[in-house]
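Data block below; observations after.
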Amino acid sequence: MHLYRSHTCGELSSKNVGEEVKLSGWIDRKRDHGGLLFIDLRDQYGIIQIVIDSDSDFFHSCEAARLESVVTIIGKVFLRDKELINIKIPSGDIEVKIDKFILESPSDILPMPVSGNHDLGEELRLKNRFLDMRRTIVKNNMLLRSRIISSIRKRMIEQGFYEFQTPILTASSPEGARDFLVPSRLNLGKFYALPQAPQQFKQLIMASGFDKYFQIAPCFRDEDARADRSPGEFYQLDMEMAFVTQEDVFETIEPVLYGLFKEFSNWKINTPPFPKIKYKDSILKYGTDKPDLRNPLEISDVTKAFLLEGVTFKVFRDQINKGAVVRAITAPSAANKPRSFFDKLNSWAQEQGQPGLGYIILSDNEAKGPIAKFMSSNAIEKIKVNSLAKDGDAVFFICNSESEASSFAGKSRMRIAQEMDLIEQEVFKFCWIVDFPMYELDESGNSIIFSHNPFSMPQGGMEVLESKDPLEILAWQYDIVCNGIELSSGAIRNHRTDIMEKAFNIAGYSSNDLRTRFGALYNAFKYGAPPHGGIAPGIDRIVMLLANEPNIREVIMFPMNQQAQDLLMNAPSNIDENQLKELSLKINKAKDKK
RNA sequence: GGGGGUGUAGCUCAGUUUGGUUAGAGCGCUGGCCUGUCACGCCAGAGGCCGCGGGUUCAAGUCCCGUCACUCCCGCCA
C-alpha cells in the first residue's frame with residue numbers, strides 16, 4: 001500500500017464498500033461523543049466521515065488531534081444505515097471505520113476558522129492565505145482560474161496562435177502608468193523596469209514575422225488598487241495578429257470569450273457578433289465608455305427643449321447659456337412611484353455633490369413634479385420625443401457641462417435602474433466600444449495629447465493626420481466591455497514610421513523624441529513591418545466575472561493588499577545595507593516605519 | 001494626495017445614538033460528561049491596552065481633538 005493513501009477523500013463512494021483504504025488529509029471537523037468520535041477528513045477533492053469507537057487503540061490520539069492537523073488513516077469503508085445518510089456531502093452514504101491512525105503534522109490553534117463559510121477580515125485572510133485557500137470557496141476560485149487559463153490556451157492554440165514569453169526585466173517606458181524599477185548590479189546606476197504590458201514586445205514579434213502571438217502575460221503597474229484592479233501585478237491574455245483589420249481581431253477573440261464564458265457559466269451570454277458602440281454614442285447614451293448593458297435605461301440629450309419659448313426654468317437655462325447641456329433618463333412606468341422614490345434619488349444626487357436630480361412625472365397626459373410648472377407643453381412634447389418617454393413614465397434631468405453631465409447621468413442611470421430593480425440578472429452582456437478619439441486636450445485645455453494608445457493607427461492614416469482637426473480624428477482603437485467592466489483595450493497598430501512620426505508630432509513630440517523613447521519599435525518598423533493589431537483581455541477580471549466575485553483579490557492566489565503589501569511574505573521589505581552597497585544605492589528619505 | 005466606512009476576546013460581532021455597577025454573545029481554545037453525529041449536545045473555565053495618543057468629565061468602549069491600520073471610492077491606471 002502507498003505510504004500515504006490508496007484513495008483521495010473525494011473519490012470514495014458506495015462502490016468502495018468493504019475495501020480497506022488508506023486516506024490522508026486535514027481534520028475538517030470533529031464530533032466527539034465520548035464513546036464514539038467522528039472526524040470529517042478533507043483533501044482537495046472532498047470530505048469523508050471517519051468513525052472511531054472508544055475501544056480503538058487510537059481513540060485518544062484522535063480525540064486529541066486538533067482541527068486542521070494532517071493525518072493518515074487506514075480503515076474499512078462501510079455503507080451507512082439509511083437513517084444515518086448525510087445528503088449534504090457526496091460521500092454521505094458511506095463512512096470509514098478506523099483501524100490505524102497516524103498524526104502526520106499537528107496543527108496549532110488556528111488564527112482563523114477553516115471549516116464552514118465565515119466572513120473574515122481580509123487582512124487576516126491574506127496573512128494566513130494558506131489557511132484561507134483551504135476553504136471551499138477560495139479553493140474553488142483558484143481551481144476555476146486554472147481551468148479558465150487552460151481553456152484559454154487551448155482555444156488560442158486551436159486558432160493557430162503561438163504562445164511566446166517576453167522579458168520581465170525590460171526598459172522603463174515613458175508613457176502610461178508608473179513603472180516598477182529594478183536596479184542593475186552589472187550596470188550601476190541603471191534600472192530595469194517591469195513591463196506594464198508586453199505591448200512593444202508583441203509588436204516586435206509581429207515585426208519578426210510571427211503571424212499570431214499570444215501569452216498569459218504578467219503585467220506590472222505601480223498604481224493604486226481598486227476592487228477590480230489588482231495592486232502591482234495582474235495577468236492579461238495578450239494577443240497580436242499580423243495582416244488584420246479591426247473586424248478580424250473581433251472575429252478572432254469573440255469566439256474565445258464567448259466559448260470560455262459558455263464553458264464556465266450557466267448564465268446567458270449575448271451571442272457574437274457583440275454589439276459595437278461608438279465611443280461618442282456610449283458617452284451620450286450610457287455616460288461612460290464601459291456601459292453595463294444589463295441596464296435597459298438610456299440617456300438622451302434634451303438641452304434644446306429647455307430653450308423653447310414658454311419654458312421659464314431659469315436654473316437650467318442660465319447654465320445652458322454658459323455652455324451646459326441637459327441629459328435625460330426615462331424611468332419607465334415610474335409615474336406611480338411614491339414621492340419618497342424621487343426624494344431618495346434627489347438626496348442621493350446631493351450626496352454625490354450635485355445640486356439635485358430634477359424630474360417630471362408624465363401622468364394622465366400631463367406633466368407633474370416640481371419643475372413641470374416651468375415647462376411649456378411643446379417642451380414636454382420635445383422631451384418625450386427625445387427621451388422616448390410616454391405617459392406613465394418619469395424623466396430625470398441632469399444639467400451640467402458636457403463631461404460632468406455625461407458622467408453623472410451615467411451614475412444616475414445605474415442608480416435609477418438599481419432602485420427600480422431593472423438590472424437583468426444572471427446574464428453576461430458583452431459589447432465593443434469603437435472609434436475612440438486619437439487625441440484629446442490635456443487638463444489645461446491648451447495642448448493636444450494622445451487620448452489612449454499612441455501606437456494606434458489613426459482612421460484614415462496619413463491623409464487624415466495632415467488634413468483634419470486632431471480632435472476630430474478617430475483611432476482604430478477599441479475596448480471590450482462586459483457588464484460594465486472593461487476587460488480590455490486593443491487597437492490596430494500604427495506600423496508606418498512616417499505616420500508614427502506625424503502622429504507624435506501632433507501630440508508635441510519631435511521625431512527625435514519618438515526615436516529615443518520608442519527606438520526599438522521605430523527601428524524595427526523601418527525594415528518592413530506588417531500591418532497588425534491585437535487586444536489583451538484581463539485574465540483576473542474574466543475569472544472575477546465567471547466566479548461572480550465582487551473583488552479581484554478573490555481570484556488571485558497571493559494578492560497584495562490595497563497598499564500593495566504582501567502580508568504573507570512581508571513585501572516590500574527593508575533591504576540589507578550590503579545589498580544596497582552592491583547596487584550603489586542609498587536610501588535618501590527613509591520613512592520611519594517598520 | 002483627497003473623501004466615506006470600519007477598528008471591542010484567537011475569529012465573527014453586540015454594546016457607542018442618550019457617558020454611570022464587575023464590558024457581553026456565538027464560534028474556537030482548556031477541563032469534564034456523552035455510542036450515531038454531521039454547524040453533535042450538555043456542564044465548567046481561561047481568554048480584553050475596547051487600534052494608539054491626548055483632552056473634557058466626579059466618571060469615557062461611549063463625547064471632543066489628533067494619529068495609525070484595514071477597506072470602498074475619487075485622483076491615477078498611455
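Everything numeric in this text was worked out from a predicted model, so none of it was measured. Residue numbers begin at 1 in each chain, while the letters A, B, ... track the order of the sequences.
B/U62 sits 15 Å from B/U6 when the P atoms are compared, rounded to a whole Å. Between B/C11 and B/U22, the two C1' atoms lie 25 Å apart (nearest whole Å). For B/G1 and B/U67, the P atoms lie 13 Å apart once the distance is rounded to whole Å. Here the separation of B/G48 from B/G20, taken at their P atoms, is 24 Å to the nearest Å. Rounded to a whole angstrom, the distance from the C1' atom of B/C43 to that of B/A59 is 38 Å. The separation of B/U56 from B/A44, taken at their C1' atoms, amounts to 43 Å, rounded to a whole angstrom. Annotation: B/C68 and B/G24 have their P atoms spaced 33 Å apart (nearest Å). Comparing the C1' positions of B/C13 and B/G7 gives a spacing of 12 Å, expressed to the nearest Å.
For A/Q199 and B/C77, the CD to C1' distance is 15 Å, given to the nearest whole Å. Taking atom CG on A/L120 and atom P on B/U12, their separation rounds to 6 Å, with Å as the unit. Atom P of nucleotide B/C77 and atom NZ of A/K290 are separated by 13 Å, given to the nearest angstrom. Taking atom CZ on A/R415 and atom C1' on B/C73, their separation rounds to 14 Å, with Å as the unit. Between the C1' atom of B/C27 and the CG atom of A/N117 lies a distance of 14 Å, rounded to the nearest Å. Distance OH (A/Y235) to P (B/C77): 23 Å, rounded to an integer number of Å. Spacing between atom CZ of A/F59 and atom C1' of B/C33 amounts to 12 Å, rounded to whole angstrom units. A/H118 places its NE2 atom 8 Å from the P atom of B/G28, with the value rounded to the nearest Å.
Remark: A/Q563 is not in phosphate contact with B/A69, judged by side-chain N or O atoms under 4.0 Å from OP1 or OP2. The phosphate of B/G10 has neither OP1 nor OP2 within less than 4.0 Å of any side-chain N or O from A/N128. Contact between the side-chain N/O atoms of A/Q565 and the OP1/OP2 oxygens of B/A69 is not found at any separation under 4.0 Å. In this structure, A/R226 does not reach the B/U71 phosphate: none of its side-chain N or O atoms is under 4.0 Å from OP1 or OP2.
Taking CZ of A/R134 as the start and CE of A/M112 as the end, the distance is 9.5 Å to the nearest 0.5 Å.
Using a 4.0 Å heavy-atom cutoff across all strands shown, A/P113 reaches sugar-phosphate atoms only and no base atom. Counting non-hydrogen atoms under 4.0 angstrom, A/E123 reaches the backbone sugars and phosphates but no base. Residue contacts shown for A/R517 are absent, as no nucleic acid heavy atom lies under 4.0 Å away. The residue A/D222 sits apart from the nucleic acid: no heavy atom pair falls under 4.0 Å. Residue A/D179 is classed as having no contact, given no heavy-atom separation below 4.0 Å to the nucleic acid.
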Taking only nitrogen or oxygen atoms into account, show me every contact under 3.5 Å that the protein makes with nucleotides 36-40 of chain B, one pair per line with its distance.
from	atom 1	to	atom 2	distance (Å)
B/G36	N1	A/E95	OE2	2.8
B/G36	N2	A/E95	OE1	2.5
B/G36	N2	A/E95	OE2	3.0
B/U37	O4'	A/H33	NE2	3.3
B/U37	O2	A/R31	NE	2.6
B/U37	O2	A/R31	NH2	3.4
B/U37	O2	A/Q49	OE1	3.3
B/U37	N3	A/Q49	OE1	2.8
B/U37	N3	A/Q49	NE2	3.0
B/U37	O4	A/Q49	NE2	2.7
B/U37	O4	A/R80	NH1	3.1
B/C38	O4'	A/R31	NE	3.0
B/C38	O2	A/Q49	OE1	3.3
B/C38	O2	A/N86	ND2	3.0
B/C38	N3	A/R80	NH1	2.7
B/C38	N4	A/R80	NH1	3.2
B/C38	N4	A/L84	O	2.4
B/A39	OP1	A/K88	NZ	3.1
B/A39	OP2	A/K88	NZ	3.1
B/C40	OP1	A/R29	NE	3.4
B/C40	OP2	A/R31	NH1	3.0
B/C40	N4	A/D32	O	2.0

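Listed candidates were B/C29, B/C76, B/C72. Nearest to the side chain of A/D224 is B/C76.
When each of A/M112 and A/D55 is assigned the nucleotide of RNA chain B bearing its nearest heavy atom, the one mapping closer to the 5' terminus is A/M112.
Taking the six-membered ring wherever Trp is involved, the centroid distance between the rings of A/F436 and A/Y478 does not fall below 6.0 Å. The aromatic ring centres of A/F220 and A/F234 sit 6.0 Å or more apart. Under the 6.0 Å cut-off for aromatic ring centres, A/W476 and A/F250 do not qualify, their centroids lying 6.0 Å or more apart. With ring centers used as reference points, A/H532 lies under 6.0 Å from A/F525.
For A/N128, there are no side chain to side chain donor-acceptor pair (under 3.5 Å) partners two or more places apart in sequence or in a different chain.
When Watson-Crick and G-U wobble pairs are counted only if both distances are under 3.5 Å, B/C63 pairs with B/G55. Across the strands present, B/U6 finds its partner in B/A69; the criterion is a Watson-Crick or G-U wobble pair with both atom distances under 3.5 angstrom. With a cut-off of 3.5 Å on both Watson-Crick or G-U wobble distances, the partner of B/C38 is given as none.
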Apply side chain to side chain donor-acceptor pair (under 3.5 Å) to A/S282 and A/D289, showing your working. CA-CA 6 Å; A/S282 181; A/D289 60 0; over 6 Å; no

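Not a single donor-acceptor pair under 3.5 Å links the side chain of A/E501 to the backbone N or O of A/S511. Between the side chain of A/D43 and the backbone N or O of A/C9, at least one donor-acceptor pair lies under 3.5 Å.
Residue-to-nucleotide contacts include a donor-acceptor pair under 3.5 Å from the side chain of A/R229 to the base of B/C76.
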Under 3.5 Å, side-chain donor or acceptor atoms of residues 53-60 of chain A against the rest of the protein: list the pairs with distances, not counting sequence neighbours.
from	atom 1	to	atom 2	distance (Å)
A/S54	OG	A/G35	O	3.2
A/S56	OG	A/F58	N	3.0

